[in-house]
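We count ligands from 1, going down the list as the structure has it; atoms in each ligand are counted the same way. All heavy atoms count here, side chains included; hydrogens, waters and symmetry mates do not. Residue numbers start at 1 and run along the sequence shown.
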Amino acid sequence: MKQPFTASSSSSSLIRKARLSPYLFTLLAFIVFVAILYGEDFVCLLGQLDPNVDRLATITDGRSCHVLGLEKRWEKLPFSIGKTPDGCDLFSGRWVWDDSTRPLYEESECPYIQPQLTCQEHGRPDKDYQYWRWQPHGCDLPSFNATLMLETLRGKRMMFVGDSLNRGQYVSMVCLLHRLIPEGKKSMETFDSLTVFTAKEYNATIEFYWAPFLLESNSDNAIVHRISDRIVRKGSINKHGKNWKGADIIVFNTYLWWMTGLKMKVLQGSFEDETKDIIELSTEDAYRMGMKSMLRWVRKNMDRKKTRVFFTSMSPSHGKSIDWGGEAGLNCFNETTLINNATYWGSDCRKSIMEVIGDVFRKSKFPISFLNITQLSNYRKDAHTSIHKKQWNPLTPEQIANPVSYADCVHWCLPGLQDTWNELLFAKLFYP
Ligand SMILES: *[C@@H]1O[C@H](CO)[C@@H](O)[C@H](O)[C@H]1NC(C)=O
Ligand SMILES: *[C@@H]1O[C@H](CO)[C@@H](O)[C@H](O)[C@H]1NC(C)=O
Ligand SMILES: *[C@@H]1O[C@H](CO)[C@@H](O)[C@H](O)[C@H]1NC(C)=O
Ligand SMILES: *[C@@H]1O[C@H](CO)[C@@H](O)[C@H](O)[C@H]1NC(C)=O
Ligand SMILES: *[C@@H]1O[C@H](CO)[C@@H](O)[C@H](O)[C@H]1NC(C)=O
């Protein structure tokens, strides 16, 4: 076992000081003893107190103690084959134009993209949004190796759980992989809340499970989701969670549905109760409750030695041009350029929710791989589906006259931004 130098170098100086007080000496001797006993964990523990994360990282030696990356503790994560260079935050970077390696696939070549996301088919005049590549400041992203990903999934089950934004990331993943599988050896089927892509010869599935709050709610119907007067049921994670058991890699998201603009209604009993016991919590408190439930489920049902858990942060929307210095009353409609203000963050609850996530994950005993895609997606007001998607209801003449009124500034065209989220997932999976 590698001796953690933080512990041993501090011990010599500590002992020197300890001559001043035998009592203190006993205490310090005990700390040193604990440090040796629990060697690596202790360094990790110190790491959380130590602002000098880089120095710590130099002794990690392929293991993972992501003090800020929320993958606590000293352990080799399942599926890892290398590591991201020390001190490189993959989520801090910039977008660069790259028409030689992007897009990673063509819209017309991936039959699995739902018509809400096929922007070219629905008349988007430009393709600029397809050519941006994310470039972290501190290092390069490993290129997405579909063969490696698919081989890794052999005999396994990968599952995306959450709302329609997670469904977009799921479809992107399927599009990135399906070319390797010949016709007739793959399928995609939907059973209520569950959509399953099967790679038959790999005995692998990539699945999406619709649970916009993760917990049980009155918006759970996979086809007709209730949008107004949303109610989420406290402590109900197993209602959906029983369907996630056995996943080898699981990718959660949840955010948008908590944003009611008001307090969140939380049901304490059951939806069947005659008189419902409902309390109202602030968005942040309700969200924290949901996150804690998710972590509890993870601790009980996932095996940290064999499986991985990802959580994708809030997907930003671009519904108000004034947020980025545009004209009042406009939104992402007709936007084809990026926001090039490095500190742009946007309005709504993104900041406070991010704090809740950081808080909850820092205390997590299970290593969660966090895909912090919020900031990099904030810049992409150009990448939404806007009006270039299948409309389920016929548009009214008023809408047609004013496209801003029905532009979708929440979801993203594919190929596009969400392929980058999967490149980041790939990087975190194999090079944590
Ligand atoms: C992709 O992964 C496969 C399987 O691990 C490997 O054989 C191949 O060399 C990789 N390709 C590239 C371009 O790294
Ligand atoms: C296929 O994978 C599942 C897990 O997803 C496993 O339980 C099963 O044994 C595998 N079957 C074969 C034939 O490898
Ligand atoms: C879209 O924006 C361009 C400028 O970027 C402008 O010339 C064009 O008129 C706009 N189209 C609509 C329908 O607003
Ligand atoms: C950049 O964004 C930040 C945060 O949203 C804002 O305070 C600042 O004014 C913006 N800068 C410019 C030049 O628009
Ligand atoms: C995610 O990234 C943003 C900015 O890029 C940062 O402010 C935030 O603290 C990060 N969140 C967590 C939980 O690490």
Side-chain angles (χ1 to χ4, degrees), residues 47-48 53 65-72 84 87-95 119 122-129 134-138 252-255 284 287-288 291-292 294-295 309-364 367-382 384 386-388 395 399-407 409 420-421 424-425 427-428 432:
Q48 288 166 41
V53 174
C65 171
H66 290 213
V67 174
L68 299 175
L70 310 170
E71 286 145 354
K72 269 185 252 167
T84 296
C88 176
D89 176 1
L90 296 179
F91 305 100
S92 166
R94 64 198 164 91
W95 289 101
C119 296
H122 293 93
R124 179 157 176 167
D126 72 303
K127 277 192 175 177
D128 290 1
Y129 63 98
W134 181 247
Q135 176 64 57
H137 290 310
F252 289 109
N253 93 322
T254 186
Y255 166 60
E284 289 78 9
Y287 191 84
R288 184 188 306 274
M291 295 296 282
K292 284 184 170 171
M294 178 197 76
L295 285 180
V309 175
F310 289 82
F311 186 85
T312 309
S313 65
M314 307 83 79
S315 173
S317 45
H318 291 88
K320 284 192 285 179
S321 293
I322 40 169
D323 285 351
W324 56 87
E327 218 176 291
L330 298 186
N331 58 24
C332 73
F333 168 69
N334 200 29
E335 289 288 355
T336 55
T337 58
L338 279 59
I339 292 173
N340 72 30
N341 169 357
T343 60
Y344 172 77
W345 184 258
S347 52
D348 72 28
C349 302
R350 281 165 225 178
K351 267 236 151 83
S352 57
I353 292 293
M354 188 64 95
E355 278 161 20
V356 172
I357 295 175
D359 238 32
V360 174
F361 282 177
R362 249 188 305 279
K363 294 175 193 146
S364 165
I368 306 285
S369 300
F370 185 50
L371 302 179
N372 193 352
I373 53 80
T374 306
Q375 182 62 42
L376 63 93
S377 307
N378 271 336
Y379 305 130
R380 297 301 306 273
K381 66 176 162 57
D382 63 310
H384 291 286
S386 182
I387 62 169
H388 306 295
L395 297 168
Q399 284 178 313
I400 293 168
N402 179 20
V404 169
S405 69
Y406 69 97
C409 298
T420 296
W421 298 4
L424 290 159
L425 191 160
K428 283 287 202 176

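- In this structure, atom 11 (N) of ligand 4 has a protein heavy-atom contact shorter than 4.0 Å.
- Nearest-residue assignment for atom 2 (O) of ligand 5 (options Asp359, Asn372, Leu376; heavy-atom criterion): Asn372.
- When each of Ile368, Ile357, Asp359 is checked for a side chain to side chain contact (heavy atoms under 4.5 Å, CB included) with Met291, only Ile357 meets the rule.
- Residue Pro403 comes nearest to Ile387 through the heavy atom pair O-CG2, 3.7 Å, listed as atom of the first residue, atom of the second, then distance.
- When all heavy atoms are compared, the tightest approach of Tyr129 to Cys119 is OH-CB, 3.8 Å.
- Within the listing of ligand 4, atoms 5 (O) sit less than 4.0 angstrom from a heavy atom of Trp345.
- By the criterion of a heavy-atom distance under 4.0 Å, the side chain of Asn341, and not its backbone, is placed next to ligand 4.
- Across all their heavy atoms, Leu376 and Trp95 have their closest contact at O-NE1, 2.9 Å.
- With distances taken over non-hydrogen atoms, the option nearest atom 4 (C) of ligand 5 out of Lys351, Met314, Gln375 is Gln375.
- Under the 4.0 angstrom criterion, atom 14 (O) of ligand 3 counts as having a protein heavy-atom contact.
- Protein heavy atom nearest atom 9 (O) of ligand 3, with residue, atom name and distance: Asn334 ND2, 4.7 Å.
- Ligand 5 is never approached by Phe361 to a heavy-atom distance shorter than 4.0 Å.
- Between Asp126 and Arg124 the shortest side-chain heavy-atom distance falls below 4.5 Å.
- Within ligand 5, counting atoms from 1 as listed, the ones closer than 4.0 Å to a heavy atom of Phe370 are 11 (N), 12 (C), 13 (C).
- Across Tyr344 and Asp323, no two heavy atoms sit closer than the pair CE1-O, 3.1 Å.
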